[in-house]
There are 2 protein chains.
Amino acid sequence: MAKNTLHTQKSATDGPSVNPKFQAGKRPAWTVEELERAILVGDRAALAAGITLVESEAAEDVVKAGTLLEKLLPHAGNSVRLGISGVPGVGKSTFLESYGVHYLESNEKARLAVLAIDPSSSKSHGAILGDKTRMVELGRHERAFIRPTASSGALGGVARATKAAIVLCEAAGYTHVFVETVGVGQSETTVSQMVDAFLFLAMPGTGDELQGIKKGIMEMADLIAINKSEGEHAPAAKRTRVELQRALQLSTRDEFNWTPTITLISALESQGFEELDAAIDQCIRHSRGQGWFDEKRRRQSEYWFEVEVQHALRSVLRRHDGLQAAYDDLRAKVGQSEVGPLQASKLFIEELKCRLDR
Amino acid sequence: MAKNTLHTQKSATDGPSVNPKFQAGKRPAWTVEELERAILVGDRAALAAGITLVESEAAEDVVKAGTLLEKLLPHAGNSVRLGISGVPGVGKSTFLESYGVHYLESNEKARLAVLAIDPSSSKSHGAILGDKTRMVELGRHERAFIRPTASSGALGGVARATKAAIVLCEAAGYTHVFVETVGVGQSETTVSQMVDAFLFLAMPGTGDELQGIKKGIMEMADLIAINKSEGEHAPAAKRTRVELQRALQLSTRDEFNWTPTITLISALESQGFEELDAAIDQCIRHSRGQGWFDEKRRRQSEYWFEVEVQHALRSVLRRHDGLQAAYDDLRAKVGQSEVGPLQASKLFIEELKCRLDR
């Protein structure tokens with residue numbers, strides 16, 4: 001593809017040195033046009049600034065971010081997007097560091113962006129941020145870009161920002177985007193709506209409670225890697241593989257009817273990575289071959305349209321002259337226990353319907 | 001309070017035997033009026049059926065559930081609501097079982113409802129359900145009611161159902177409601193919007209990654225209990241307490257300026273429960289004394305009003321004659337990549353604004 005070739009020729013590596021604004025050590029005041037141009041030639045500082053822009057909830061930034069995304073969208077879509085998850089303690093950071101480096105070393109045309117969603121801290125803006133500093137080698141790699149997305153409260157906001165960050169990374173020429181998410185539950189469901197395949201990290205001899213949690217996540221896993229399978233853990237890792245295979249047979253699989261591949265790896269000793277490469281490759285090729293790859297992305301686009309509408313609705317209705325007064329009035333009454341939340345919601349919706357049908 | 005006295009006199013224990021509909025072994029077709037009456041006298045079968053009703057997303061059930069909630073709301077609000085969380089493996093089920101039994105045994109007028117949110121399985125409807133069967137003794141207790149809420153996809157749906165379940169439990173005379181949530185992140189934020197205090201379970205010598213996750217959650221914890229502090233773990237538990245105290249000093253605290261109490265417990269050996277009782281009691285009394293208790297509930301009501309409006313909006317707009325066509329058309333175009341999700345959302349919102357301002 002011409003677009004991809006262009007990206008491969010342009011270098012994402014000269015990053016910070018490209019733009020003198022960044023070197024000055026101050027936060028550069030990019031215009032949207034500058035960001036667009038710089039991101040398209042793979043300028044890392046611009047990419048970072050662009051992601052900061054799409055994460056922002058300030059009104060002026062939201063408008064700018066929308067313009068930037070519209071301009072970059074035609075240049076996006078050319079990467080393989082892989083979701084990565086696993087319960088806390090499974091070694092996600094170590095895995096991303098060592099597998100990321102391996103991945104780049106064995107694919108010399110690959111450029112890897114790692115986006116990490118951290119939904120655990122709504123107040124301190126990123127408890128896990130510290131973790132990323134552990135990815136020292138990958139962080140220094142000339143063809144890698146690492147970006148943690150701190151939660152600003154609602155998971156929906158983080159999800160939208162991460163979805164936008166994928167677009168920006170692809171426009172900047174990254175051929176592979178790993179979206180990492182922390183642990184358990186809801187964030188995986190959201191991430192599965194933005195990736196082509198989902199890799200779930202497990203570990204040998206996981207306890208009862210983890211097995212329970214695992215089940216839900218395994219239902220959305222396309223690939224499973226059992227980490228920490230080195231040395232003395234090898235027998236336990238093999239047993240876990242058998243158990244997981246059994247569990248997979250029992251669990252509901254989606255319509256695509258793909259049976260997840262289970263690979264034994266050791267992030268610590270960089271073992272089993274070739275097998276994992278092959279498993280990922282096979283999964284993506286299978287998906288493309290069956291037309292599922294495009295079908296999945298098509299459905300994901302529709303999903304994100306719904307999310308965007310849902311997100312926009314709130315501010316539109318609250319800022320609408322006539323409706324705002326009704327909303328604020330009902331909200332206050334709820335606060336005073338004069339009316340219940342459910343009843344108040346009904347009253348507001350009736351007001352809205354009246355206006356729509358006028 | 002007269003209302004409370006009534007509830008204490010009526011027994012929640014005669015549960016299943018009260019209603020012959022249940023004994024027939026078939027799912028009873030309750031009317032809303034029957035449910036209301038039976039729940040108010042503490043009929044457990046009715047309470048269970050009522051929660052099933054508020055969890056349902058079928059259109060007819062949603063209407064019924066709304067009516068039931070409106071009728072029961074005036075009888076709700078009289079319990080102490082405690083959120084309980086902790087990373088997987090910390091022993092939440094064991095804790096709920098042993099502390100729940102202790103709690104009921106030491107408060108003979110207490111009736112305890114345990115609601116568990118399980119956001120991890122969106123496809124199999126409740127991976128953690130199996131866990132609850134572990135609460136054998138508590139489950140058999142005449143003054144206990146245990147109910148897991150399986151996720152039906154969006155966390156928002158589960159949250160609304162759990163919020164409604166609290167209302168039902170309170171109307172049924174439960175004086176204490178424990179809302180348990182699994183592990184990490186977003187579900188805690190949601191649960192903190194429906195409880196009076198949040199208890200976070202930790203364990204001795206937690207690893208690096210858990211420490212990171214902990215930070216975000218600790219910021220919303222009002223109480224911390226270090227589980228598994230028995231025997232040989234005691235020294236490690238004490239060190240963890242010191243570490244947590246240090247971390248608490250560093251973390252941002254909310255405006256209520258309450259410093260979380262840290263208690264050492266052992267769910268396995270039922271140790272430290274009196275100290276935990278005292279800590280919970282102190283926290284709630286402090287909160288009431290300062291007027292925070294009511295202020296928190298007031299804000300939570302406003303929050304739930306916003307959630308309800310947000311939830312209702314989607315169906316109203318999608319079912320609206322004129323708007324539905326625009327929505328479906330844009331959604332299809334997004335699927336065909338004719339327009340991006342963000343741009344399509346903007347177009348829809350403009351259509352909506354036009355109609356509102358007509």
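Please read all numbers here as calculations on a predicted model, not as lab measurements. We name chains A, B, ... by the order of the sequence lines, and we start the count at 1 in each one. Reckoned from all heavy atoms, side chains included, excluding hydrogens, waters and symmetry mates.
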Legend entry - Region of B:Leu313 in contact with chain A, defined by heavy-atom distances below 4.5 Å: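 Interface part for B:Leu313: both.
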Got a list of side-chain donor-acceptor pairs under 3.5 Å for residues 342-353 of chain B, not counting sequence neighbours?
unit_1, atom_1, unit_2, atom_2, d
B:Ser345, OG, A:Glu308, O, 3.4
B:Ser345, OG, A:Val309, N, 3.4
B:Lys346, NZ, A:Glu70, OE2, 3.1
B:Glu351, OE2, B:Arg355, NE, 3.1

Inset, instruction - Not counting sequence neighbours, which residues clear side-chain hydrogen bond (donor to acceptor under 3.5 Å, both in side chains) with B:Asp294? List them please. - result: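 B:Asp294: no side-chain hydrogen bond (donor to acceptor under 3.5 Å, both in side chains) contacts found.
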I'd like to know which of [options] tops the heavy-atom pair count under 4.5 Å against chain B.
{"options": "A:Lys163, A:Arg298, A:Glu302, A:Arg297", "value": "A:Glu302"}
{"options": "A:Leu323, A:Leu330, A:Val339", "value": "A:Leu330"}
{"options": "A:Gly77, A:Gly66, A:Ser301, A:Ala332", "value": "A:Ser301"}

Inset, instruction - Starting at CZ of B:Arg331, measure out to CD of B:Gln336 and round the result to the nearest 0.5 Å. - result: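 So the CZ of B:Arg331 and the CD of B:Gln336 are separated by 11.5 Å.
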Legend entry - Distance, nearest 0.5 Å, that separates CG of B:Leu201 from CG of B:Leu96: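 Going from CG on B:Leu201 over to CG on B:Leu96, the span is 7.5 Å.
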Legend entry - Portion of A:Gln300 that has a non-hydrogen atom of chain B nearer than 4.5 angstrom: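 No part of it gets close to chain B.
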Inset, instruction - Pick one of side chain, backbone, both or neither for A:Tyr303, based on which atoms fall under 4.5 Å of a heavy atom in chain B. - result: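 For A:Tyr303, no heavy atom lies under 4.5 Å from chain B.
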Legend entry - Min side-chain heavy-atom separation B:Val90-B:Phe200 under 4.5 Å: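 Heavy-atom side-chain distance check fails, nothing below 4.5 Å.
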